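This is a predicted model, so every value here is computed, not measured. Per chain, numbering begins at 1; letters A, B, ... match sequence-line order.
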Amino acid sequence: MAAILKYFLICKLTFLLAWPYAVFGQQEKPKMNRDFSLAALRVGFSVTDPLQPILYEGLEAAYAMQADLSIDRFMLVADVGTARYARAKQARDTLASPYQYDTRGNYFKVGVDVNFLKDKEANTRFAKDNVLFWGLRFANSSFSANATFDLEDDLGVWGDIPVNEHHDKLSAWWIEMVAGIKVEVIKNVFLGYTMQFRFLKNFSQETSLVPYDVPGFGSGNRNNIFGFDYYVFYRIPFK
Amino acid sequence: MRNPESLRWWIMNRNTIRLIRKNILLVLILSFFALTIACEPETICASDNVAWARVAFLKMGETRRNDTLYAVSVTAENDSLLYYLDTLTQVILPVNPAATTTDFFFIRGTTTDTLRLGYGIEKVFISPECGFEQRYISLNVPYTSFDSVRIRKNLLESGTDINIEILSCVNENTTTITAAFVQSDAGEKVEDTVFYASVYDDRGHVIFTDTALSAFRLPVNPDARQAQYFFERLHNGNSEKDTLTVNYAKFLEQLAPQCPEQIRYDTLRIDKTVTSFDSTTVLKRHLSTTDGRNIEIFSDL
């Protein structure tokens with residue numbers, strides 16, 4: 001079922017990106033106007049990240065900001081964010097003994113986006129304006145984790161053992177493929193969303209505590225994840 | 001009159017907004033599916049990870065043969081008694097979850113063998129409902145007093161897979177031939193019993209005296225490649241003698257580099273030119289303590 005949905009998403013995303021070409025590509029194509037000077041800086045913050053603790057159990061807080069530098073139809077993008085997880089079970093039940101598991105850390109992502117939206121009048125695809133983009137990111141997360149739990153002895157040989165694990169300087173990296181839009185709603189104020197496919201996750205070191213929560217990525221048990229962010233941006237034009 | 005430049009800007013942005021609006025429903029649907037896929041799959045608390053290793057006993061040799069330890073007791077390093085005077089072909093050894101090595105002691109009579117298991121430990125958070133478990137990986141044997149060990153599977157998981165094989169230099173060779181008198185009864189072969197006043201070999205060693213023989217053992221001559229056995233009985237007051245002559249080869253055998261050399265008697269044959277029994281058969285050419293007799297003599301008495 002997951003494979004079918006994934007395939008459906010990829011097909012629809014491809015359609016979404018190709019649609020402007022289908023509409024606008026039928027016309028004559030004069031040479032596009034290009035300008036590779038720095039055009040604008042857009043700075044924004046995520047609206048969805050602070051709301052994610054409502055949806056995801058264990059996520060206490062999450063914040064993210066993004067900045068992109070527009071050069072012709074390209075955007076040099078940088079994201080930074082932070083996340084804090086806290087999981088606990090106070091009393092033993094039929095499934096598990098009590099535990100406390102906290103993770104906190106920061107992450108950054110850098111990459112390049114390409115704008116596919118064309119200004120028909122000006123014959124440009126400048127990324128400083130409304131954009132429909134696709135891009136790639138390299139992401140890295142640095143975090144710490146602390147776990148406390150009792151290891152129960154089912155065979156009655158060694159007795160129950162309390163476990164306390166603390167690890168600083170954990171890190172993971174992954175690649176993101178992104179697509180989304182940024183639309184100017186009032187002068188220099190943009191709203192936009194980004195869909196992300198995070199993959200090729202790697203932990204930078206082996207530890208005795210296998211990370212379950214990875215700030216910026218999500219579940220450490222999974223090798224790839226889909227994500228979604230909604231941003232508010234302010235543009236600072238350079239010209 | 002409106003400025004044509006601002007009019008053009010308005011038309012362009014209005015088309016853009018229409019583009020966004022037309023796709024917003026599609027985007028919302030895609031977002032819903034993305035969130036659905038991004039949600040974690042259901043997990044169950046049942047796990048394959050276990051905190052014990054399955055160890056099997058084997059005999060050293062070219063072919064894998066199960067070994068059995070008799071009257072053996074097994075304890076862990078904290079003096080927990082795991083097995084007491086048991087007959088064992090396999091054992092389950094629970095490792096210490098608070099350490100990366102565990103010693104086990106195998107006590108047979110006055111002999112104690114040690115097996116030290118080494119392993120890595122990973123703490124894994126299964127899910128919020130299931131909590132934590134430990135996974136034991138990279139199983140190894142830093143020390144053992146057994147002849148040899150072999151790691152078959154270095155991950156401790158449930159199931160019947162063997163983690164470690166303990167191989168012993170078992171000497172199954174013997175210096176005696178196992179033989180039996182048989183006869184045919186309604187087409188089936190059954191053991192027969194024949195009374196002999198005396199059985200002795202070509203060196204003059206008396207093996208049996210006034211004995212009813214059915215299944216019996218005959219010692220070989222370690223200094224020769226042939227042995228001759230004489231079976232004397234009294235029949236109607238007369239002494240009658242049957243002869244059995246066997247040929248064999250003597251080898252020096254070493255099951256493995258860590259095993260001592262042992263003498264093996266093999267290629268057992270009956271020299272029928274100097275054997276008086278009418279019908280004899282070699283069933284097993286190797287003189288060993290394993291099941292099966294070497295020679296059958298069909299009694300025609």
If you count the non-hydrogen atoms of other residues, nucleotides and ligands that lie under 6.0 Å from [atom1] in [X], is the total more than 12?
X: B/R217; atom1: CZ; answer: no
X: B/E261; atom1: CD; answer: yes
X: A/K169; atom1: NZ; answer: no
X: A/R104; atom1: CZ; answer: no

Could you tell me which non-hydrogen atom of [X] sits nearest to which non-hydrogen atom of [Y], and how far apart they are?
X: A/Y212; Y: B/I126; result: CE1-O, 3.6 Å
X: B/E129; Y: A/K89; result: O-NZ, 2.8 Å
X: B/S127; Y: A/Y99; result: O-OH, 4.2 Å
X: A/L155; Y: B/W52; result: CD1-CD1, 3.6 Å
X: A/I161; Y: B/A98; result: CD1-CB, 3.6 Å

Is any residue of residues 67-89 of chain B within less than 4.5 Å of chain A by heavy atoms, and which ones? B/A76, B/E77, B/N78, B/S80, B/L82

Select all residues of residues 134-152 of chain B having any heavy atom within less than 4.5 Å of some heavy atom of chain A, and report them by number, or 'none'. B/Q134, B/R135, B/Y136

Sorted by chain and residue number, the ring pair (Phe, Tyr, Trp, His ring centres under 6.0 Å) partners of A/F149 (sequence neighbours excluded) come out as B/F132

At a heavy-atom separation under 4.5 Å, does A/V185 approach chain B through its side chain, its backbone, both, or neither? neither

A/L151, part contacting chain B, at a heavy-atom distance under 4.5 Å: side chain

Taking side-chain contact (heavy atoms from CB on, under 4.5 Å) as the definition, give me every residue that meets it alongside A/E206, ordered by chain and number, with sequence neighbours left out. none

Turns out that what part of B/V95 lies under 4.5 Å from chain A's heavy atoms comes down to backbone

Of all of B/A51, B/P97, B/G120, which one pairs up most often with chain A through heavy atoms under 4.5 Å apart? B/P97

